[in-house]
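For reference, the structure is listed below as structure tokens.
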Amino acid sequence: MVPSIAGPKRPQDRIQLSNSKSSFERDLKNYTAAHSSPANVKGKDFAIDHGAVTIASITSCTNTSNPSVMLAAGLLAKKAVEKGLRAKPWVKTSLAPGSKVVTEYYEKAGLTKSLDELGFQLVGYGCTTCIGNSGPLDAEISDAINENDLAVTAVLSGNRNFEGRINPDVKMNYLASPPLVIAYSLAGTMDFDFVKDALGQDQGGNDVFLADIWPTPEEVQSTIDSSINSEMFTTQYASVFEGDERWKSLPTPEGAIFEWDENSTYVKRPPYFDGMKLETTPVTDVSGARVLVKLGDSVTTDHISPAGSIKADSPAGKYLADRGISRVDFNSYGSRRGNHEVMIRGTFANIRLRNQLLSDVEGSYTRDFTKADGPQSFIFDAAEAYAENSTPLVALAGKEYGSGSSRDWAAKGTSLLGIKVVIAESFERIHRSNLIGMGVLPLQYPKGENAESLGLDGTEEFDFIGIEALNDGVTPKSVRVIAKPTSHSAEGKAVVEFDAVVRIDTPGEADYYRNGGILQYVLRSLVA
């Protein structure tokens, strides 16, 4: 058993803590030329470089429900403060436990003051930094990062660290235990060896190493025994469903049916049941589909699903601005997840998304093939243009498509953009099922094949033949895919045909797909 962290972009990328410095140096080459590039921060007396820890957050309800690691973090903070150590000034620190009980036992153990002094003040309860709600970095630090193209880092105790999820200025994200989050805030950089490098000096000028302030298991257990009891949980959760005075004072509409407010920018009536009839409509083959996105391997639901802050110049930002919402009140995608108009505009909007229809472009962009030259366009704007022409859409993807945790809107947004079919080399199990639940057909390339080996570049027009067999109560093992060159394709490009594996894996999923999705299936079942 060895101490470990994970990063810089996937939770499964485990790194032994003793190898963290060398691992960072190796991974840095994937983000920038790996030479030192210190940048002075305007108006500050410090400079930052590649690897600077700009966010250190104890967050996520999973790890912050574990008293042993939370109290270890508190004890580490206490020992650090006693030695005269402080978090580096460029580190944005925060504490967001999953339970109010944490606040209570920190108080009882006498650890709150030390955490506050290090900058780990309480910012709220539940998911914050782990889902992109850290808020912006200081403007001067953000400017230094972007003007010098620095690959800075975040260290958080959450369980997801996919690209673009934590903060738009931060390219590399690492997962660590709560006490190691404290430790990295003191170190201030991922370019750090906790065995060889000192965290700072004490009041006597002596070097202080992590081993000097790391609490022992006995200290942690003793603190647990003296500061936590079952009554805390009983008391804190006795009134959990009552809400505070602000909640209780909200006006409560009457009636059994929700009263939709047409002017709300937070909650809108979604279109899932528009035009729906009691009887199912037969499924049909898909013809004349165009590619909205062509993606590589390991594209996660965090690349697909809207998350984090809403940019002013994005389609979602323009939608809110057009409705009189000021930039300061944009809030986040998470807070506006009840408004499909906002969320559809943020689908495939991850700042690190690479759509292979374009070269060397990151973000929510594609080519709009409704226009003669197929110009670069926002993905949402292109989808709108295709919808006006009643053109169905297809997404091409690589291996492990849809891994990640931001699941529901990854499937909802895909469907609402007009994507009818996703062809991938392999799917993450839950996202594959969720696509079917939203009426999207998941297909898999023949074994050993992919878009490149088949010669697909995304400029083609696609026909999918054989889907209609589902109307006979049978799920076909494959459908015929015909990809025909278009005016946007290179001269001499040939027609490509292949049999794609139908990834409707169970009879229940087939029923959902015949109904147009799981929502329609459930509603028809209730009515019946």
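These values consider heavy atoms only, across backbone and side chains, with no hydrogens, waters or symmetry-generated copies. The structure displayed is predicted, hence computed values, not measured ones.
Contact between Ile131 and Ala307 at its shortest, heavy atoms only, is CD1-CB, 4.3 Å. Summarising the geometry of Ala176 relative to Ile5, their closest heavy-atom pair is CB-CG2, 3.9 Å, with the distance given to 0.1 Å. Across all their heavy atoms, Thr486 and Glu461 have their closest contact at CG2-N, 3.6 Å.
Residues Lys484 and Glu460 are not paired through a salt bridge, judged by the lack of any N-O separation under 4.0 Å between the basic side chain and the carboxylate. A salt bridge links Glu452 to Lys294: at least one charged side-chain nitrogen sits closer than 4.0 Å to a carboxylate oxygen. Asp149 has a carboxylate O that lies under 4.0 Å from a charged side-chain N of Lys171, or vice versa, which qualifies the two as a salt bridge. By the 4.0 Å N-to-carboxylate-O rule, Arg503 lies close enough to Asp505 to be salt-bridged with it.
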Give the intermediate values and the outcome of side chain to side chain donor-acceptor pair (under 3.5 Å) for residues Asp457 and Thr459.
-> CA-CA 6 Å; Asp457 62 13; Thr459 62; 2.6 Å; yes
Lys9 vs Asp13, salt bridge (charged side-chain N to carboxylate O under 4.0 Å, His left out): CA-CA, chis, key distance, verdict | CA-CA 8 Å; Lys9 64 178 182 179; Asp13 294 332; over 6 Å; no
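Using a 3.5 Å distance cut-off with no hydrogens or angles, the side chains of Arg165 and Asn173 do not pair a donor with an acceptor. Remark: the Thr391 side chain and the Arg290 side chain contain no N/O donor-acceptor pair separated by less than 3.5 Å. Between the side chains of Ser326 and Asp329, a donor-acceptor pair is found at a separation under 3.5 Å. Side-chain contact of Asn434 with Asp408: a donor-acceptor pair under 3.5 Å is absent, judged by distance alone.
With sequence neighbours excluded, the residues forming a ring-ring contact (aromatic ring centres under 6.0 Å, His included) with Phe378 are Tyr365, listed by chain and number.
The side chain to side chain contact (heavy atoms under 4.5 Å, CB included) with Tyr401 is formed by just one residue from the set Asp297, Ile304, Leu396; it is Ile304. Each of Asn133, Thr128, Thr129 was checked for a side chain to side chain donor-acceptor pair (under 3.5 Å) with Thr59, and the lone residue meeting it is Thr128.
Taken from OH in Tyr513 to CD1 in Ile518, the straight-line distance is 15.5 Å, to the nearest 0.5 Å.
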